2 protein chains.
Amino acid sequence: MSNNQFKRGELYSVINGIASTAVARRLQKNFRNAGLEITIEQWSILYHLWKEDGLSQQELCMCTFRDKASITRLIDNIERLGLVERIASKDDRRVNLVYLTDAAKPLQEATYNLANQTMNEALQGISKEEIEIVKSVFQRVYENSK
Amino acid sequence: MSNNQFKRGELYSVINGIASTAVARRLQKNFRNAGLEITIEQWSILYHLWKEDGLSQQELCMCTFRDKASITRLIDNIERLGLVERIASKDDRRVNLVYLTDAAKPLQEATYNLANQTMNEALQGISKEEIEIVKSVFQRVYENSK
DNA sequence: TTATAATAGTTGCATAACTAACTATATGTC
DNA sequence: GACATATAGTTAGTTATGCAACTATTATAA
């Protein structure tokens, strides 16, 4: 990245996710500075498991908008860190359910706080109405493009 | 990716670039379907060279929001495709200037058309006022986070 | 019930991203 | 002019992404 200007005139930059990438990188940096040795992609998995533990890989595909190969390897890495484990479903032997381990617990509060703080910084000076419009526009852009 | 729902309530999804990613993937698919064998990342380099040929790698870093290692390898790949060439600057021997080759010319119109079409589809049903708000918000998010 | 299709997950291959360490050239200061 | 510093670009190592081909299991339909 670096010393750059976000060109106001260019919708290209917006759609291309320049701002999103900047926020993501900032969050990653904040994790690192706090001594949290996980990537934001790994965190996005943990985030959903903290909301509901024991999701299948397929369900994680859907709630993180990734394909199944990406989830396979993300889970591989998070499992290697000892933060989750795969447990085969009894109902359907094709399915792996992904469960948090005790080692993941201490991460929850710290990462939530950093994520909230990062988001608040990112949204400084932006009104609730503007945020609602952005959400609504991106909802439609997503529906138009998926 | 796949069969998913963009959750209206989650700013997380917006900031995380879910919609941007969907648009990017759609554009990549449209390139592929048209028989254009370049990635959208490679295209983002060509896009800036078509606007101004002979940019340095450093300048390409800035206008595509990537770091220099990423640019080195993107140019490696585009050069391997025969679409650009590096020419050492006479003024500063540290600098490589990147020039389009004749082989890149036929791609310009086709990719512009596909990009415009993809963008128009993505923005269907979204007003100019909304687009302006989104641009303005993302400008501020970027400034807050870079 | 048996053949076919669909689904969950894994693996191989290619591209791309970031960080950090490195080389080579320019600049700036004493 | 000499030494320290900054800049442009490359390379190595790790993570992540997408697509396509594959295995194993389950569901459907003849």
Side-chain angles (χ1 to χ4, degrees), chain A residues 1-3 16-18 20-22 24-33 37-45 55-62 64-81 84 86-98 146, chain B residues 1-4 16-18 20-33 37-45 55-62 64-81 84 86-98 146:
Chain A
M1 250 309 273
S2 60
N3 47 342
N16 218 27
I18 303 302
S20 315
T21 308
R25 265 194 294 244
R26 166 59 58 102
L27 180 55
Q28 178 72 74
K29 194 176 292 180
N30 289 345
F31 278 2
R32 217 176 14 248
N33 290 344
E37 297 294 336
I38 58 172
T39 67
I40 49 176
E41 292 84 0
Q42 293 167 356
W43 176 75
S44 76
I45 299 288
L55 293 172
S56 70
Q57 295 190 198
Q58 186 57 42
E59 288 168 326
L60 287 168
C61 288
M62 295 197 297
T64 66
F65 298 84
R66 290 182 175 90
D67 77 348
K68 51 192 183 170
S70 298
I71 294 296
T72 291
R73 282 191 260 249
L74 265 179
I75 303 294
D76 285 348
N77 287 339
I78 306 174
E79 200 169 30
R80 204 172 302 136
L81 293 172
V84 300
R86 284 182 244 233
I87 297 181
S89 166
K90 288 168 188 166
D91 302 333
D92 185 336
R93 298 202 311 203
R94 293 170 302 182
V95 173
N96 286 336
L97 302 177
V98 183
K146 74 178 178 185
Chain B
M1 251 307 271
S2 61
N3 47 341
N4 202 339
N16 218 25
I18 304 300
S20 316
T21 308
V23 178
R25 266 195 292 247
R26 167 59 59 101
L27 180 55
Q28 179 71 74
K29 194 176 293 182
N30 289 346
F31 279 2
R32 216 174 16 247
N33 290 343
E37 297 295 335
I38 58 171
T39 67
I40 50 176
E41 292 85 1
Q42 292 166 357
W43 176 75
S44 76
I45 299 289
L55 293 172
S56 72
Q57 294 189 198
Q58 187 56 42
E59 288 168 326
L60 285 169
C61 288
M62 295 198 296
T64 66
F65 299 85
R66 291 183 174 89
D67 76 349
K68 51 192 182 167
S70 299
I71 293 296
T72 291
R73 281 193 260 247
L74 265 180
I75 303 294
D76 284 349
N77 286 339
I78 307 174
E79 199 168 31
R80 204 173 303 137
L81 292 172
V84 300
R86 284 182 243 235
I87 296 180
S89 166
K90 287 167 188 168
D91 301 333
D92 185 336
R93 296 202 313 198
R94 293 171 302 182
V95 174
N96 286 337
L97 303 177
V98 182
K146 72 177 178 182

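Keep in mind that what you see is a predicted model, and the values were worked out from it rather than measured. Note on naming: letters A, B, ... go to the chains in the order of the sequence lines (proteins, then strands), and numbering restarts at 1 for each one. Hydrogens, waters and symmetry mates play no part in the numbers below; they use all other heavy atoms, side chains included.
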request  = Working to the nearest 0.5 Å, report the span between NZ of A:K29 and CD1 of A:I40.
outcome  = 12.0 Å

task = Indicate whether OP1 or OP2 belonging to C:dA16 is found under 4.0 Å from a side-chain N or O atom of B:T39.
result = yes

message = Output the rounded distance in Å from CZ (B:R73) to C1' (D:dT15).
response = 13 Å

key: Touch class at under 4.0 angstrom, heavy-atom based, for B:Q42 against every strand present   = sugar-phosphate

key: Test item: A:I75 and A:L60 side chains (from C-beta on) under 4.5 Å apart, heavy atoms   = yes

task = Select one nucleotide: of D:dA20, D:dT26, D:dA16, the one nearest the side-chain heavy atoms of A:E41.
result = D:dA16

ask   = Rounded to whole angstrom units, what separation is found between the CD1 atom of B:I75 and the C1' atom of D:dA8?
value = 13 Å

ask   = Per the atom types in the model, does the base of D:dG9 pair as donor or acceptor with the side chain of B:R66 at under 3.5 Å?
value = no

request  = For A:I71 and for A:R32, find the nucleotide of DNA chain C with the closest heavy atom, then tell me which residue's nucleotide is more 5'.
outcome  = A:I71

ask   = Do you know the tightest heavy-atom contact between A:V95 and A:S56?
value = CG1-CB, 3.7 Å

Value in whole Å for how far the C1' atom of D:dT15 lies from CZ of A:R80 = 10 Å

query = When you match A:K90 and A:L74 each to their closest nucleotide on DNA chain D, which lands nearer the 5' end?
reply = A:L74

Between C:dT15 (C1') and B:F31 (CZ): distance, integer Å = 15 Å

task = Grab the CD-P distance between A:E37 and D:dT14 for me, whole Å please.
result = 14 Å

task = For the residue pair A:L55 and A:I45, establish whether any side-chain heavy-atom pair is separated by less than 4.5 Å.
result = no

task = Take nucleotides 2-9 of chain C nucleotide by nucleotide from the 5' end and write B, S or -, depending on whether a protein heavy atom sits under 4.0 Å from the base, only from the sugar-phosphate, or from neither.
result = ----BBBB

request  = Starting at CZ of B:R66, measure out to OG1 of A:T21 and round the result to the nearest 0.5 Å.
outcome  = 9.5 Å

query = Heavy atoms under 4.0 Å, any strand shown: does A:D76 hit a base, just sugar-phosphate, or nothing?
reply = nothing

inquiry  = Could you tell me how far apart A:L81 (CG) and D:dT15 (C1') are, to the nearest whole angstrom?
reply    = 11 Å

For atom CH2 of B:W43 and atom C1' of C:dA16, their distance in whole Å = 17 Å

inquiry  = Do B:E41 and B:L74 make a side-chain contact, defined as non-hydrogen atoms from C-beta onward lying under 4.5 Å apart?
reply    = yes

query = Has the side chain of A:E79 got a donor or acceptor atom that lies under 3.5 Å from a matching backbone atom of A:R86?
reply = yes

Spacing of A:D67 atom CG relative to C:dT11 atom P, expressed in whole Å = 15 Å

